[in-house]
Amino acid sequence: MFAPSIQPSPTGDAMHEFCAGLYPICRSLTGNGVRETLARVAERIPLDLHEVPTGTRVLDWTIPREWNVQDAAVIDASGRRVIDFRESNLHLVGYSVPVRTTLSLAELRPHLHSLPEQPRVIPYRTSYYTESWGFCLRHDRLVTLAEGDYEVRIDTTLTDGSLTYGEWVLPGASTDEVLISCHICHPSLANDNLSGIAVATFLGAALARAPRALSYRILFVPGTIGSITWLARNEASLGNVRHGVVLTCVGDPGRPTYKKSRRGNAEVDRAFVHVLSRKGREHAIVDFSPWGYDERQYGSPGFDLPVGCLMRTPHGQFAEYHTSADDLDFIRPQALADSLAVCLDAFEILEGNRCYCNTAPKGEPQLGRRGLYDPVGGKPHPPGRQLALLWTLNLSDTRHSLLDIAERSGLDFAAIRAAADDLLRVGLLAPA
Amino acid sequence: MFAPSIQPSPTGDAMHEFCAGLYPICRSLTGNGVRETLARVAERIPLDLHEVPTGTRVLDWTIPREWNVQDAAVIDASGRRVIDFRESNLHLVGYSVPVRTTLSLAELRPHLHSLPEQPRVIPYRTSYYTESWGFCLRHDRLVTLAEGDYEVRIDTTLTDGSLTYGEWVLPGASTDEVLISCHICHPSLANDNLSGIAVATFLGAALARAPRALSYRILFVPGTIGSITWLARNEASLGNVRHGVVLTCVGDPGRPTYKKSRRGNAEVDRAFVHVLSRKGREHAIVDFSPWGYDERQYGSPGFDLPVGCLMRTPHGQFAEYHTSADDLDFIRPQALADSLAVCLDAFEILEGNRCYCNTAPKGEPQLGRRGLYDPVGGKPHPPGRQLALLWTLNLSDTRHSLLDIAERSGLDFAAIRAAADDLLRVGLLAPA
Amino acid sequence: MFAPSIQPSPTGDAMHEFCAGLYPICRSLTGNGVRETLARVAERIPLDLHEVPTGTRVLDWTIPREWNVQDAAVIDASGRRVIDFRESNLHLVGYSVPVRTTLSLAELRPHLHSLPEQPRVIPYRTSYYTESWGFCLRHDRLVTLAEGDYEVRIDTTLTDGSLTYGEWVLPGASTDEVLISCHICHPSLANDNLSGIAVATFLGAALARAPRALSYRILFVPGTIGSITWLARNEASLGNVRHGVVLTCVGDPGRPTYKKSRRGNAEVDRAFVHVLSRKGREHAIVDFSPWGYDERQYGSPGFDLPVGCLMRTPHGQFAEYHTSADDLDFIRPQALADSLAVCLDAFEILEGNRCYCNTAPKGEPQLGRRGLYDPVGGKPHPPGRQLALLWTLNLSDTRHSLLDIAERSGLDFAAIRAAADDLLRVGLLAPA
């Protein structure tokens with residue numbers, strides 16, 4: 001599965017370890033599991049925490065009641081906890097209301113979710129916006145449940161409280177910003193989306209270490225309602241969002257997949273496509289669709305923000321998706337590190353991409369007397385650097401960006417960027 | 001040859017029977033055969049009959065004299081009718097002038113048309129606009145003609161009369177209209193074009209049974225001169241023609257073929273392409289060319305009407321074309337019924353295609369509280385209906401039509417249309 | 001290698017003979033070899049000779065000193081000329097400064113250029129803009145050089161003089177002009193670029209024999225500095241250059257290759273693509289890149305002239321490139337003649353391409369009464385001429401040129417042009 005370029009990496013190991021620390025926490029749309037998760041992130045990068053009260057209107061939605069779980073189990077007549085929240089937080093359907101009752105197996109049955117075709121894994125199910133309760137369990141366990149009465153004990157609270165999300169802005173030279181968003185609402189599922197949380201956290205740390213032409217905003221939000229809440233509270237400043245990416249399922253061993261923004265050819269789309277195409281290895285580029293993660297909200301027609309989504313194997317296309325098999329073994333240090341690197345490479349393009357103007361546009365300027373041309377003529381192939389210089393000069397007519405030039409020439413953005421830097425130094429390029 | 005979706009159909013049988021009734025009639029550009037054909041059509045749908053006198057100027061053309069045939073034969077010395085119009089009306093070259101003469105075989109020979117490579121069929125030939133005469137015959141018969149004198153007897157009349165065509169307008173809620181046109185000038189040839197006449201007639205009957213957003217105009221015209229006549233007489237109201245299709249060779253067992261209008265991406269083109277592509281079976285889409293049937297006239301540069309052409313095997317690409325082998329066995333009830341269905345499906349798109357505006361365009365609206373979203377979350381794949389709702393919301397920004405949305409999402413137009421109806425009902429869409 | 005369409009041709013033989021006469025001359029950027037070459041061209045076509053003095057500023061460059069060679073050799077201790085300019089002018093690095101010295105083999109070695117992977121050929125190297133000297137030799141000779149002292153004798157002059165180029169303008173009905181450019185600065189290399197010189201010369205002779213709608217300007221210039229010089233001196237009239245082609249490596253037996261202008265879809269690009277595509281044989285079309293010959297200068301962003309480049313096997317893609325193997329055997333009479341024919345065919349398109357207006361645009365005009373339509377109807381396939389007439393009428397709406405029509409119809413430009421001429425004659429077309 002791994003492409004050869006994905007090598008063991010200390011950063012990958014650190015990210016995987018970070019995921020391992022987050023794995024046992026029971027997260028949901030709201031509640032203390034989210035707060036504990038954000039506290040772990042805040043140990044690594046500064047984080048502003050926002051609490052938005054239950055009942056607050058956010059766009060077409062309303063902040064729901066806060067949900068917390070003390071305990072949940074189904075207990076058989078012998079007192080055995082046959083389905084036990086303490087064993088796996090996936091056993092309880094998310095947002096289950098409190099219940100204390102005793103039911104026959106037949107009465108209990110409609111509340112039980114299993115996957116007959118994957119009998120050894122626990123599915124992940126929620127009921128956020130409909131008052132309900134239920135349990136998820138391995139199908140091979142379900143079929144062993146004997147007839148008889150079962151005690152149902154769901155000690156949850158659904159109370160007025162708040163929705164919690166985290167945010168960090170790294171200011172750059174420009175107020176133009178790159179939005180990085182990941183969802184934090186899934187319980188013990190590793191690829192979906194501890195992987196995204198880890199990559200976002202480590203991206204923040206890496207970006208903080210260098211000067212930035214652009215500002216970066218990293219959001220840790222519960223899915224759907226979280227991005228909607230952030231959008232509702234920041235509508236006035238959305239014009240600053242020039243590029244963005246949602247990080248989800250970025251730790252599995254599959255090839256990287258970039259899903260384009262709704263616009264389809266935004267600069268961020270072209271940057272990720274360039275990075276993935278140039279790496280000389282398997283990858284996938286897919287078009288926007290309104291099914292997926294928070295790119296759905298950023299890409300709703302009233303906002304239409306240029307926000308794509310980086311994944312490895314897309315959600316719903318791996319058997320482990322939304323089951324207990326999406327565990328710490330399913331995500332790999334090398335994959336996490338590679339996803340981080342892809343983002344940093346793409347951001348490098350966004351940082352450096354701009355249009356220039358060739359100051360000697362009539363004919364080629366004489367590069368030789370500026371030390372930029374091979375003094376011996378006649379060789380059949382130009383050195384790559386020379387070709388990058390010629391392409392950059394030829395297309396720097398104020399209308400082509402460096403990324404345009406890289407795409408048209410088939411050369412790496414980095415090579416074109418280096419050529420532009422050389423040409424700026426000798427005065428043959430000027431900012432457009 | 002038949003795709004599995006083409007099933008036996010009572011409608012197809014009725015259409016084939018209708019063709020069988022029309023088959024023996026000797027049609028041409030003008031004359032009583034045309035009138036008799038239109039009378040048969042008028043037994044099924046109301047038809048306005050138009051008679052345009054010989055000599056009338058129509059665009060660059062002039063209505064020719066009316067041609068009628070009493071009898072025609074070549075008779076050998078023994079009195080045997082060796083080529084006999086009564087046996088097949090294809091034996092006489094269309095628009096042959098009256099002749100009574102006796103010729104040697106050598107003198108007769110230049111007037112005889114046969115197909116050496118298809119020796120057992122009679123070709124179909126005409127000489128509409130050049131005064132001439134001739135006979136068509138099987139090549140295997142031609143080669144048996146003995147030396148000697150032959151009596152030529154062509155009892156035709158070419159007199160001032162009129163050109164006849166039929167027209168029916170089915171008014172709809174809008175004056176915007178769909179033009180349906182078929183040619184009625186071919187003698188005993190079944191696919192070309194009794195099939196078109198039958199599909200047009202049955203389309204009229206089907207359209208009359210339901211409310212219509214659009215108006216429909218069905219034309220039964222002799223080829224070229226007929227559409228030119230109609231265009232000349234209706235120039236002032238051509239602006240109403242928003243979509244159109246010429247029906248020709250729509251009964252043979254080959255795959256359906258849609259030839260695009262001159263515009264190439266008119267709404268009617270996209271509707272037929274969508275229907276044929278979604279049927280999951282073989283079909284062909286071909287570009288406009290100025291060779292074919294009356295789409296040549298509708299698509300002349302001075303009109304440039306958005307009129308495509310539905311065929312099965314295109315004219316000139318089946319061996320039976322313009323020969324006596326294009327008979328009632330060559331056309332199939334199922335093919336006729338399928339052509340009818342393709343048209344009705346495409347018209348359904350034209351009826352329902354429009355742009356809407358998402359009334360809650362910022363973020364996704366909360367579909368769950370409107371009963372439009374699965375209450376249990378976490379499943380790997382969205383129900384198709386949910387996907388149609390999300391696509392329709394995401395792209396309903398006043399600029400994308402439902403057909404645009406169907407094309408971009410890869411979903412059926414019908415599914416998108418149903419989603420739009422649901423969203424209109426709950427107030428999440430409004431007409432753009 | 002040869003496509004069957006490339007036949008023996010007297011013209012090809014004459015071109016090859018012309019190349020043979022030029023082959024021994026030692027050409028460079030400047031000097032008497034260039035003058036002698038232009039004198040040979042001037043025996044066949046009238047040529048204006050330009051001398052531009054050393055030190056003249058031309059765009060970003062300066063005309064270099066003039067270089068001439070009297071003799072050059074490396075002489076071993078026994079007095080043998082082990083590397084000898086008289087044997088091949090490729091032995092001396094172009095623009096080598098005068099040298100009289102004696103060196104050990106180790107000291108000499110950095111000045112010697114060979115090709116270890118092609119040990120039996122002499123490479124071609126230059127040092128135009130850096131003061132330097134060197135020799136090129138077969139690698140199998142290099143390895144036989146014994147230790148010891150070598151006398152280096154380079155009797156060259158680098159003096160104030162001038163850069164020489166030739167130019168011929170053939171006026172046409174319009175001042176719009178076609179620029180034909182070839183480089184004349186390579187010594188004994190046949191394909192690169194005696195072939196280009198020969199094709200340009202014979203093109204001039206051929207164009208002079210017929211009336212011309214367009215003007216033609218043929219340039220014989222040293223590479224890079226020559227085109228830059230011409231551009232600098234003719235900046236005010238560059239607006240007349242409507243089409244152009246650089247001729248280089250047009251004599252080898254490979255398939256013809258057309259490299260598009262920087263614009264990518266200029267009329268000249270479309271003309272050459274049409275000609276090569278219609279010939280029904282192997283060819284290649286490549287996109288513009290700023291590596292190659294003088295199209296780099298014509299296509300610099302400050303000029304952006306629509307100038308493509310005709311080659312056979314592109315420079316750097318044949319093993320003989322820039323070596324002594326690019327000799328008179330490597331170029332073929334048939335290839336030279338074919339390159340000439342391709343240019344003439346493309347120019348024929350440029351001469352005749354324009355937009356017309358159908359004067360009877362509503363419906364098809366009745367071609368039959370104008371003698372332009374087959375009087376017998378019903379045949380399955382239209383004669384090609386008829387199809388050309390119909391396409392020309394259908395698309396002559398003032399917006400489609402004859403080349404547009406040829407491309408869209410898939411017919412030859414010549415057929416469309418003939419149809420347009422017929423239609424003009426009967427008044428059905430008028431100039432747009």
Most contacts with chain C, counted as non-hydrogen pairs under 4.5 angstrom, among B:Gly134, B:Pro123, B:Ser289, B:Ser227 | B:Ser289
Quick one: which of B:Tyr298, B:Tyr128, B:Trp61, B:Tyr321 has the most heavy-atom pairs under 4.5 Å with chain C, could you say?
-> B:Trp61
Cation-aromatic face contact C:Arg370/C:Tyr373, 6.0 Å, 45 degrees = no
[X] versus chain C, heavy atoms under 4.5 Å apart: side chain, backbone, both or neither?
X	answer
B:Ile228	side chain
B:Thr126	both
B:Tyr95	neither
B:Gln317	neither

Between chain B and each of [options], count heavy-atom pairs under 4.5 Å; write down the option with the most.
options	value
C:Asp374, C:Asn394, C:Leu393, C:Asn358	C:Asn394
C:Gln386, C:Arg408, C:Lys362	C:Lys362
C:Pro361, C:Ser396, C:Ala360, C:Gly368	C:Pro361

So, do B:His315 and B:Tyr293 have ring centers that fall under 6.0 Å from each other?
->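 Centroid distance B:His315-B:Tyr293: below 6.0 Å, so yes.
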Is the backbone of C:Ala388 close enough, under 3.5 Å, to the side chain of C:Thr392 for a donor and an acceptor to pair up by distance?
->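 A pair under 3.5 Å: yes.
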Residue pair B:Tyr124 / B:Asp326, side-chain donor-acceptor N/O under 3.5 Å | no
Any chance the side chains of B:Asn240 and B:Ser237 put a donor and an acceptor closer than 3.5 Å?
->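 No donor-acceptor contact under 3.5 Å links the two side chains.
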Interatomic spacing from CG in B:Leu90 to OG in B:Ser324 - rounded to 0.5 Å = 6.0 Å
Is it true that atom CD of C:Glu348 has more than 12 heavy atoms of other residues, nucleotides or ligands lying nearer than 6.0 Å?
->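 It does not: C:Glu348 CD has 12 such atoms or fewer within range.
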